[in-house]
Amino acid sequence: MSHNRRTWLYSPFLIFTIAMIIKVYMSWQVIYGTGFSWKPLLTELPAIWAVFAIIELLASKRKLGIYLTVNLLLTAVYFAVIMYYKYFGIIVTYHALAQVGQVGEVKGSVFQLMHPSFLLIFIDIVAIALTLTFSKKARSWAAISAARLPRPVTASLLTVAAAAALITVWQHKDVINEVRQTEEMGIVNYELYKVATSGKDERTVAITEVTPEAIMKLKGIAPVSGGDKPAHWAAAQGRNVIVLQMEAFQNFLLGLKVDGQEVTPNLNKLKEESVYFKHMFQMVGQGNTSDAEFMTNTSLYVPPVGAATDAYVDHAIPSLPKRFEKAGYLAATFHTNDVKFWNRDKLYNALGFNYYYDKEWYGTDDTIAFGSSDDILYEKAIQEIADINKSGQRVYANLISMSAHHPFNFLPDTVKKLPLPEQFEGSFAGNYIQSQHYADEAIGILIAKLKEYGLWDNTMLVIYGDHMGLPVYSLNDTDRELLQSILGTPYSYTDMLNIPLIISAPGALQPEVRMQTAGQIDIMPTIANLAGIPLDHEIYFGQDLMNHTSNLLPERYYLPSGSLINNKSIFVPGEQFKDGVVYPLPGDTGEAPYPAQSEFDRALQLLELSHTYAKSLPPAEGHVPSGATRTTTQNKGD
C-alpha cells in the first residue's frame, strides 16, 4: 500500500498537475492581475485533468514523453496568450497561426514585450529534460511512471473533469467581451471553444440587405442635402493625392513638448495650415498597418478574425486606387519593406494599384527597422511622382512610413536629435518619443521635396496614424509615470486609440480644427469628396467628414469585438452590454455617457454587413507590377 502511495505521489499526473497549476497562476497574474483565488483552478484545471486522464487511460509506453509533450503544448498556449495580450490587449486564438510567418520580422517587438519572468513558465520543462538526461535515478522514475493510475479512478476523473469543462463553457458561451469570456471559461477551455466554433463568429446576412440606405440608417446619418453637391465637393480636384500613413503615430504627440522642446515641430506647423481632425481613432484589426491600408482605401471594416490581407485579398475590392485610375490617375503605393510582408502583393492587387514600390526598388540604403529610412522613402517617392507628372499623369499615392516602428529602438544615435531628460533615456516611452521626433523630421523632408519639385501647390496631402504605438497593457510603472509627467494626466485607452488626421490642400482648404468623432473608415469618402470622385449608390461604410459630424465607429480589435466609439465616449462591453465600461473622448473631463442598447446593436449590424459584402465580391485577377518596371514615359497598358 505504501509503495503504491509513493508511486502515485511521484506519478507524472501529480507532478504535471502541480506544474500546470503554477503556470495557470502565472498567466492569470499577467493578464487579469489575479492574486490567489479559486477561480483559476475551477476554470482551468478540469480541462487539464481531462487531457491527463486520457493519457493515463491510453498510454502505456512512453507515457512520460507524452506528458512532456502535452505540457509543452499547454505551456506554449499560456505563453502565447501572455505575449499577445501584452501588445494587443486581447486573447490570442488559433487564427493567429496565420501570422507566424511575420514573427521573424517583428522579433524586436516580441523581445521588448517579453519580461524575463515570463520565461519561467518553461522552467519545469527544462528542469525535467536536464534531470532525465543526467540522472539515472530520474530515468528509473521515468520507467516506474509508466504504471497507470487505477482505471476506474481515471475514467471517473475524465467524466467529471470533461463535464465540468463543458458546463463552464456552456454557461459563458454568450459572454460578448472575449477577454471576460476567457476569464470566465478558462484559457484552455476558451481556446478549445474557439476551435470547435470556427466560422460561427463570422456572422453574415443576405447580400440583398447590404445597401447604401441600410448602412446610412444603421450609422444614424442622412444623405447630404442643400444642393446638388456636398460642401467642399471637388475642392482639390485635379491635384495629386498623397496619402501618408505614419507608423504607430498617436495624436498626443502633436503639440507635445518635453523639456521645452517640440516633439513634432513640422507636423505642428502643418496642422495649423490644414484641416485637422482631433478626435480621430484607429480601427485596425489583427493586420495592424496592413489593415489601416485596407480600410483607408476601401472604407470597409476589418474582418471578424485574422487580417484583411488574409481574409479579403482574394476578392476584387472597390477602392480608391480603382476610382482614381478611372479618373485618369496612376495609382501607386510606396513602402520600403518587402511587398510579400503581410501579403501586401495580394492586397495591392485586390485594391487595384497600378504599381507598388518596395524594398526591391528602394534598396537598403540608410536602413532603419525593416528597410530604408523614412528620409529615403520620401525623397525617392516624391521624385518618382514628379517624373510621372512629367509624363502627363496625376498620381494617387500611398506612402507607408516605417522607421518609427515598435519597439522604437532602431534609430542610430546619429539621428537622435531630441534632447530628452535623463529619466527618459533608454525607456520604452522615451524611445517612442525619440522615434516619432525623427518621423516628424522626415515629414519636413517630404514637404521640402514637394516644394522643390513644384508639387506642393498641386497636391492634396493626407496624413494619419495607422495604429497605436504605446499599448496600455505593456507599459511598466516607469513608462506610465513618464507619460503622466508630460501629458499632465494618466495615459489611458483614449490616448492609445486616438490618432491624428491632417488634410492639407494649399489654397483649396482653409485651416480649421474639427472635433467630431472620426475613424480610418472615413478617410476614403472624405478624400473622394475633396477630389471630386463620385461615390453615388456605392457600398462603403465610412462617411465624408467634411459633411457629417455625427459618427458611430464599431471596433473589432485592441478593444474586444463589439466595442464602439460614438460622439461622446468609447464603450467596451462587459460580460453583456449592460455591465460595460465607458471612457470619455480626449479632452472631456466629465463622466462619459453610457451608449444606448440600440446603438450597440447597430454597431454589430454594421460589422455583419461589411463582412457579408467583402466576402461576396468576385475573385481578384492579375497582379500588380513593381515600380522598378516602370519608365517615366510608360503608362499602364503600353
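What you see is a predicted model; the values in this text were computed from it and never measured.
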Any donor-acceptor pair under 3.5 Å from [X] side chain to [Y] backbone:
| X | Y | result |
| --- | --- | --- |
| T517 | N566 | yes |
| Q520 | G465 | yes |
| Y362 | L377 | yes |

Just checking, any donor-acceptor pair under 3.5 angstrom between side chains of [X] and [Y]?
| X | Y | answer |
| --- | --- | --- |
| D375 | Y438 | yes |
| E247 | H467 | yes |
| D366 | S373 | yes |
| D365 | S372 | no |
| Y329 | Q393 | no |
| T309 | N343 | no |
| E325 | N354 | yes |
| N297 | S319 | no |

| Is a salt bridge present between D338 and K359, judged by a nitrogen-to-oxygen distance below 4.0 Å? |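 Not counted as a salt bridge, because no side-chain N and carboxylate O are separated by less than 4.0 Å.
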
| message | Strictly below 4.0 Å, N to O, side chains only: are E191 and K194 in salt-bridge contact? | response |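 Not counted as a salt bridge, because no side-chain N and carboxylate O are separated by less than 4.0 Å.
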
| field | Stepwise side-chain contact (heavy atoms from CB on, under 4.5 Å) check, L545 with R514 | value | CA-CA 9 Å; L545 296 173; R514 294 201 167 213; 5.8 Å; no

Contact check, side chains of [X] and [Y], non-hydrogen atoms, under 4.5 Å:
| X | Y | result |
| --- | --- | --- |
| I463 | L270 | yes |
| Y540 | L535 | yes |
| E293 | Y348 | yes |
| R344 | F353 | no |
| N458 | R239 | yes |
| T93 | V305 | no |
| L218 | L552 | no |
| F277 | I503 | yes |

Separation of [Y] [atom2] from [X] [atom1] (nearest 0.5 Å):
| X | Y | atom1 | atom2 | value |
| --- | --- | --- | --- | --- |
| T612 | L607 | OG1 | CG | 10.5 Å |
| L530 | L509 | CG | CG | 5.5 Å |
| E599 | N567 | CD | CG | 7.5 Å |
| Y312 | K615 | OH | NZ | 7.0 Å |
| I447 | L455 | CD1 | CG | 13.0 Å |
| Q237 | I533 | CD | CD1 | 7.5 Å |

| Take atom NZ in K346; do more than 12 heavy atoms of anything else shown fall under 6.0 Å from it? |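 Count not over threshold, so no.
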
| task | Kindly check if the number of other-residue, nucleotide or ligand heavy atoms within 6.0 Å of CD (E360) is above 12? | result |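 At most 12 heavy atoms, drawn from other residues, nucleotides or ligands, come within 6.0 Å of this atom.
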
| said: Is there a side-chain contact (heavy atoms from CB on, under 4.5 Å) between V624 and V339? Walk through the geometry before answering. | reply: CA-CA 11 Å; V624 182; V339 72; over 6 Å; no

| request: Begin with the C-alpha distance, continue with both residues' side-chain angles, and end with the deciding distance and a verdict on side-chain contact (heavy atoms from CB on, under 4.5 Å) for I443 and L244. | output: CA-CA 10 Å; I443 292 290; L244 169 57; 3.1 Å; yes

| request: Kindly give the heavy-atom pair with the smallest separation between L320 and M524, and that separation in Å. | output: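 Minimum heavy-atom contact is CG-CG, 3.3 Å.
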
| request: Specify whether Y190 and Y193 have parallel, tilted or perpendicular ring planes, treating 30° as the upper limit for parallel and 60° as the lower limit for perpendicular. | output: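 Ring orientation, 0 to 90° scale: tilted.
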
| request: I would like to know whether Y557 and I90 meet side-chain contact (heavy atoms from CB on, under 4.5 Å); could you show each step before the answer? | output: CA-CA 8 Å; Y557 224 61; I90 63 172; 2.9 Å; yes

| Y378 and F334: CA distance, side-chain angles, deciding distance, ring pair (Phe, Tyr, Trp, His ring centres under 6.0 Å) verdict | CA-CA 9 Å; Y378 301 145; F334 298 80; over 10 Å; no

